[in-house]
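Side chains are part of it too, since the values below use all heavy atoms of this structure and drop only hydrogens, waters and symmetry mates.
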Amino acid sequence: MGRDVVKPKGARGTRDFLPDQMIRRQMVINTIKTVFETYGYEPLETPAIENLEVLTGKYGDDEKLIYKIMRRGLDANNLPPLHEMADLALRYDLTVPLCRVVAMYQHQLQLPFKRYQIQPVWRAERPQKGRYREFYQCDADAVGTASMLADAETLTLIHDVFRTLGFKQFRIRLNNRKILTGIAEYAGVDATKAMDVCIAIDKLDKIGMDGVIGELQKRGIAPTAINKIMPILEINGTNDQILNDVATLLENTPTGSQGVAETQELINYLQALGIPEANCGIDLYMARGLTYYTGPIYETIVEEPNIGSLAGGGRYDKLIGMFLGQDIPATGMALGIERIIDVMTELEMLPPAKTTVQVIVLPFNAEVQLEALHLIQELRTAGLNSEYYYNLNDKMGKKFKYAGNKGIPVGVVIGPDEIQQGTVGIKNLQTKQQETVSRTKMIAVIKNMLDRD
RNA sequence: GAGGGUGUAGCUCAGCUGGUUAGAGCGCUUGACUGUGGAUCAAGAGGUCGGGAGUUCAAAUCUCCUCUCCCUCCCCA
């Protein structure tokens, strides 16, 4: 009747998660949480909004992707300059909030502080497959130690998470910012151009050797430097072999040598921790987010669906110093659960659970209402997730159809006949087989039926 | 931020170079079937053709703007 309605529309780049999706998300998140806690990480949450100044100056160019929140009570007729209109912002990642927390509570926290944090973050990007404006990150970080043991533990944690989730084919690519700096130095590239070298060689997988040469030229790297850089990209073999080769090349660059030493130490720990090289190998051209990483860096990829990296991280020894004026070393990683779920869905690694309801009670008619209500409370007391069918006057066919469409595994039927005989009908809604059992055996029969699946 | 594609019923889509009441399959509702579902048959409901403006006697169809989703680049999870 011409009522004005608002068009239901989600904000761009955001999603709603209906129950069948939430069930799978929660399975993945719970698995991740469990593994995090197994490694001794403790939970932390921080607010969605931060003071804008906490976030600025941490992300380089990406800063323009931060969602800013306007000051309250602005006078539309007398607006301040644009850069003064916002004072708050939605968090962009979980690492910077962690650094803020460490800086604020350093005397309350026992260092090293190992925390995990699973919360949404926001980025004002153009949405694409596997890329959203609101998405969850699962971070695990260790703050307060410069030891490569912490990095080794982080990598082991990543390995364990993917294994536990059921991934067979995945690879953690490992590198070190100091090695990258060393490569630039060794090639005679000016320190101000080192970043350009990283960005260019990081594209190797996408554009190939010739592409990288072109990219380096485009970025104004001298031909002599390019001639020294390219052979490094061809180094391959086992982790030890790669390290040996690059160690000789970089032996005269202090930073590079330090990076090699760090990586060697890390590799030794990983061997002792039982991480196979097939799942964790050195890629000298992998560069990643160059803003705040200072040591080991890594990302996790799967070959099958091409969706970008599923996890990334590294050491950032200078970031907390931006809040304290004094550095506290830190290292950690972020899992992208959205992408992990996308990949697991594509590879059919997640069970097709549609509902968390295990049993539905289908009373035959209104006559048995009270007895049926007794019955459902019995089920609930026994710990079974139980739904009650409200519209008693519906035909039995409709009731069963509802239960089947919802994916509920077991239906319990109770009518006048059953009450008279002290029984219930228990139907396996998948096989459509129904049996009549006495009320006293009901719980046991249902639990048995659920266990079989 | 740059470039390209897309948008028709709840879902997947058809609709030729603009021409009467916009279609199909699946799904949904009801009935054949007053103690049992995903089968068959019959009937039925459901669309501002993403939104807005324009061209035209006439627009789902052509033009412009805008939004959505998707794909490259960039960057990331």
Side-chain angles (χ1 to χ4, degrees), chain A residues 2 4-15 32 59-65 92-95 118-139 158 198-200 202-203 206-207 211 215 286-291 293 297-302 306-314 333-343 360 362-368 389 392-408 411-420 423-436:
Chain A
D4 281 337
V5 294
V6 177
K7 186 164 263 182
K9 225 176 205 180
R12 181 178 200 188
T14 66
R15 294 152 303 157
I32 291 170
Y59 304 111
D61 284 346
D62 291 345
E63 199 162 299
K64 57 177 189 263
L65 303 178
Y92 182 83
D93 68 5
L94 302 178
T95 308
I118 302 176
Q119 288 191 275
V121 302
W122 293 268
R123 296 184 184 179
E125 280 190 290
R126 167 167 291 187
Q128 252 183 66
K129 189 180 185 68
R131 166 185 266 182
Y132 308 97
R133 284 182 158 176
E134 178 186 76
F135 62 96
Y136 274 71
Q137 284 193 329
C138 306
D139 278 35
I158 294 174
C198 290
I199 293 171
D202 189 47
K203 295 183 180 179
K206 266 190 180 169
I207 61 181
E215 188 75 26
M286 198 273 293
R288 280 193 60 75
L290 295 148
T291 38
Y293 290 120
I297 49 177
Y298 31 83
E299 68 178 28
T300 307
I301 52 165
V302 288
N306 182 19
I307 198 170
S309 68
L310 300 183
M333 60 90 184
L335 298 173
I337 58 163
E338 325 285 350
R339 287 184 181 178
I340 290 174
I341 290 169
D342 284 353
V343 170
I360 184 162
L362 306 172
F364 177 65
N365 59 20
E367 207 181 301
V368 299
Y389 195 96
L392 299 183
N393 292 328
D394 286 348
K395 294 191 305 185
M396 285 311 282
K398 190 170 176 184
K399 295 173 185 168
F400 276 107
K401 192 170 184 182
Y402 168 84
N405 285 345
K406 246 189 112 167
I408 300 170
V412 172
V413 183
I414 180 160
D417 298 350
E418 283 82 0
I419 290 179
Q420 201 169 27
T423 61
V424 289
I426 299 179
K427 184 165 183 175
N428 181 328
L429 293 171
Q430 271 164 358
T431 64
K432 298 191 200 176
Q433 283 174 326
Q434 184 168 333
E435 48 190 310
T436 303

Touch class at under 4.0 angstrom, heavy-atom based, for A403(A) against every strand present: nothing

Distance below 4.0 Å between N405(A) side-chain N/O and rC28(B) OP1 or OP2: yes

rU20(B) and rU29(B), which share atom name C1', separated by this distance in whole Å: 31 Å

Atom-to-atom span, CD of Q128(A) to C1' of rC69(B) - whole angstrom: 11 Å

Sugar-phosphate only, base, or nothing, as touched by Y132(A) at under 4.0 Å among non-hydrogen atoms: base

Sugar-phosphate, base or nothing in reach of G313(A), heavy atoms under 4.0 Å: nothing

Distance, rounded to the nearest Å, where M396(A) contributes CE and rU34(B) contributes P: 14 Å

Between P of rA2(B) and CD of E125(A), the distance in whole Å: 15 Å

Whole-Å distance separating the CD atom of E367(A) from the P atom of rG35(B): 13 Å

Separation of atom CD1 in I32(A) from atom C1' in rA77(B), rounded to whole Å: 12 Å

Residue-phosphate contact under 4.0 Å: R12(A) side-chain N/O, rC69(B) OP1/OP2: yes

Derivation of the side-chain contact (heavy atoms from CB on, under 4.5 Å) call for D417(A) and F364(A): CA-CA 10 Å; D417(A) 298 350; F364(A) 177 65; over 6 Å; no

Between rC76(B) (P) and L335(A) (CG): distance, integer Å: 18 Å

Integer-rounded Å distance: rU36(B) P and Q434(A) CD: 10 Å

Gap between atoms CG and C1', on N365(A) and rU36(B) respectively (whole Å): 14 Å

Distance-only donor-acceptor test (3.5 Å): side chain R126(A), base rC74(B): no

Presence of donor-acceptor pair under 3.5 Å, side chain of K395(A) and base of rG31(B): no

Sugar-phosphate only, base, or nothing, as touched by K427(A) at under 4.0 Å among non-hydrogen atoms: base

Sugar-phosphate only, base, or nothing, as touched by G397(A) at under 4.0 Å among non-hydrogen atoms: sugar-phosphate

Side-chain donor/acceptor of E418(A) to base of rG35(B), under 3.5 Å: yes

